[in-house]
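Here the structure comes first, spelled out in structure tokens, and everything after it is commentary.
For this chain, numbers begin at 1 and follow the sequence in order.
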Amino acid sequence: MESELQKLPQPETTRPSQPESIDEGSTKDDRPLLKPDPTNPQLQVQSQSSSPSIEELEKKYAPYVRHDVYGIMGRGELPWTEKVLLGIALVTLVPMRVIGATTVLVVYYLICKICTAFWAPNREDEQEDYAHTGGWRRTVMMQSGMFLSRVMLFVFGFYWIHETYQPTNLNGNSNNEDGSKQQAEELERPGAIVSNHISYLDILYHKSRSFPSFVAKRSVAKLPLVGLISKCLGCVYVQRESKSPDFKGVSGVVNERIREAHQNKSAPIMLLFPEGTTTNGDFLLPFKSGAFLSGAPVQPVILRYPYQRLSPAWDSISGARHVILLLCQFVNYMEATWLPVYYPSQQEKDDPRLYAENVRRLMAHEGNLLLSDIGLAEKRVYHAALNGNNSMPTVFHQKDD
């Protein structure tokens with residue numbers, strides 16, 4: 001695979017790409033996007049005398065710029081035809097879809113409740129899950145979860161999802177012809193699914209196809225309905241650091257799960273978004289190398305959301321506004337490309353950053369995506385600027401030690 005990557009043309013970049021210095025690829029930042037934290041050691045904030053123009057912002061923060069009918073942050077001026085369509089959808093589609101989505105959520109919660117009744121969860125390193133439950137319980141949770149996730153996407157207007165499976169020849173190299181799902185499944189089981197991150201809908205799609213575990217905030221485990229469901233999925237919760245000598249941390253738990261999934265077909269596979277945040281779907285941000293520390297093969301997946309009116313990308317728009325506008329769309333579209341399982345070379349196993357960068361380059365090439373070197377810190381700055389923060393900060397990256 002490494003020799004094939006050397007033949008690939010270097011994808012276009014928005015700025016020269018630099019290696020990501022953060023190895024904790026699975027942890028999530030709980031700080032609000034609209035309030036950059038000046039105490040962050042990765043940021044040095046400097047006030048500017050004047051705010052840049054919208055054109056300058058869009059050029060600098062291109063991976064987070066929306067290009068749909070609804071404009072910046074979903075607050076653009078709409079033509080009267082779009083207003084009429086929104087009005088019709090608000091009184092017809094939205095109520096039905098809300099009822100449908102709620103019903104699906106409650107039904108799956110009850111299924112999980114029955115399957116976990118009188119059964120103790122797996123507890124290890126401050127984690128708690130039912131994903132390692134075996135027998136009929138695991139089968140029922142997994143099959144019903146996959147089916148109901150697809151039903152949920154249908155409720156959201158994703159009636160058809162175009163999927164492409166690229167086959168692998170005897171040398172393990174991919175070609176450009178469409179393959180079948182059966183061909184893709186004949187490969188050795190990967191330890192993790194590596195996907196670009198565009199929207200919260202990404203999780204629903206992957207749950208409907210592979211029922212993977214993923215990293216979530218600790219607070220998710222305490223939410224009504226969703227809390228139990230996340231435990232049945234086997235989510236790895238982000239927790240505070242512990243002084244215990246046996247404490248593994250999120251990265252340690254994730255990589256242990258990846259190795260387990262690679263070696264054991266009955267173990268839940270991990271879903272990783274190594275970019276660490278969402279984009280508008282046209283770019284690929286730097287991959288955090290924490291997801292590649294295990295050295296196990298990974299399954300790259302490229303998602304796209306073609307649109308006519310509203311982009312399903314959750315980039316620079318509030319969650320509530322985006323969900324409402326999404327429910328108002330009569331039809332939504334999704335495309336998924338499953339690349340061949342990526343088997344790392346020994347050099348890539350010894351260098352997780354090289355492994356991560358090579359997978360990123362492959363996904364950018366096959367998905368026709370632009371490489372960008374900005375990340376979550378710049379996304380915070382962009383959001384603050386869009387919200388009229390006059391003292392917009394400038395971000396300076398510190399060099400790796």
Does [X] reach the side chain of [Y], with side-chain heavy atoms less than 4.5 Å apart?
{"X": "Glu163", "Y": "Tyr205", "answer": "yes"}
{"X": "Met334", "Y": "Ile198", "answer": "no"}
{"X": "Lys379", "Y": "Thr278", "answer": "yes"}
{"X": "Cys232", "Y": "Thr116", "answer": "yes"}
{"X": "His383", "Y": "Ser316", "answer": "yes"}
{"X": "His322", "Y": "Tyr200", "answer": "yes"}
{"X": "Trp314", "Y": "His197", "answer": "no"}
{"X": "Ile161", "Y": "Arg150", "answer": "yes"}

Exercise: identify the closest heavy-atom pair between [X] and [Y]:
{"X": "Ser195", "Y": "Pro274", "answer": "O-CD, 3.7 Å"}
{"X": "Ala364", "Y": "Leu371", "answer": "CB-CD2, 3.6 Å"}
{"X": "Met363", "Y": "Val301", "answer": "CE-O, 3.4 Å"}
{"X": "Pro340", "Y": "Pro300", "answer": "O-CD, 3.4 Å"}
{"X": "Ala267", "Y": "Glu260", "answer": "CB-CG, 3.7 Å"}
{"X": "Glu77", "Y": "Lys83", "answer": "OE2-NZ, 3.3 Å"}

Atom [atom1] of [X] and atom [atom2] of [Y]: how far apart are they, to the nearest 0.5 Å?
{"X": "Ser311", "Y": "Leu325", "atom1": "OG", "atom2": "CG", "answer": "11.5 Å"}
{"X": "Tyr64", "Y": "Leu57", "atom1": "OH", "atom2": "CG", "answer": "13.5 Å"}
{"X": "Arg75", "Y": "Arg321", "atom1": "CZ", "atom2": "CZ", "answer": "5.0 Å"}
{"X": "Asn332", "Y": "Ser199", "atom1": "CG", "atom2": "OG", "answer": "9.5 Å"}
{"X": "Ser289", "Y": "Phe287", "atom1": "OG", "atom2": "CZ", "answer": "12.0 Å"}
{"X": "Ile258", "Y": "Ile193", "atom1": "CD1", "atom2": "CD1", "answer": "11.0 Å"}

Short side-chain to backbone donor-acceptor contact, [X] and [Y], under 3.5 Å:
{"X": "Arg189", "Y": "Ala261", "answer": "yes"}
{"X": "Asn280", "Y": "Ala313", "answer": "no"}
{"X": "Asp282", "Y": "Leu370", "answer": "no"}
{"X": "Tyr130", "Y": "Arg138", "answer": "no"}
{"X": "Glu275", "Y": "Leu285", "answer": "yes"}
{"X": "Arg257", "Y": "Gly234", "answer": "yes"}
{"X": "His162", "Y": "Thr337", "answer": "no"}

* Take Tyr307 and Gln329 through the test side chain to side chain contact (heavy atoms under 4.5 Å, CB included) and record every step on the way to the result. => CA-CA 10 Å; Tyr307 62 90; Gln329 306 307 301; over 6 Å; no
* **side chain to side chain contact (heavy atoms under 4.5 Å, CB included) assessment of Val236 paired with Met270** => CA-CA 9 Å; Val236 176; Met270 286 296 303; 4.2 Å; yes
* Examine His206 together with Phe214 and report whether their ring centres are nearer than 6.0 Å. => no
* With ring centroids as reference points, do Tyr333 and Tyr305 lie under 6.0 angstrom apart? -> no
For atom [atom1] of [X], decide whether the heavy atoms of other residues, nucleotides or ligands shown that lie under 6.0 angstrom number more than 12.
{"X": "Phe147", "atom1": "CZ", "answer": "no"}
{"X": "Asn368", "atom1": "CG", "answer": "no"}
{"X": "Trp136", "atom1": "CH2", "answer": "yes"}

* Asked: Are any of the side-chain nitrogens in Glu357 or Arg360 under 4.0 Å away from the carboxylate oxygens of its partner?
  ->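 Judged by the 4.0 Å cut-off on N to carboxylate O distance, Glu357 and Arg360 do form a salt bridge.
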* Should Arg66 and Glu58 count as an ion pair when the cut-off is N to O under 4.0 Å? -> no
* To do: Using the side chain to side chain contact (heavy atoms under 4.5 Å, CB included) rule, take Lys217 and Leu223 through it: C-alpha gap first, then chi angles, then the decisive distance, then the call.
  => CA-CA 11 Å; Lys217 297 178 182 179; Leu223 294 175; over 6 Å; no
* Side chains of Tyr237 and Ser230: donor-acceptor distance under 3.5 Å anywhere? -> yes
* **side chain to side chain contact (heavy atoms under 4.5 Å, CB included) assessment of Phe273 paired with Ile203** => CA-CA 10 Å; Phe273 299 110; Ile203 295 177; 4.0 Å; yes
* Sequence-distant partners of Glu82, side-chain hydrogen bond (donor to acceptor under 3.5 Å, both in side chains), two or more places apart -> Tyr70, Arg309
* **Name of the residue among Tyr342, Tyr343, Tyr355 meeting side chain to side chain donor-acceptor pair (under 3.5 Å) with Glu348** => Tyr342
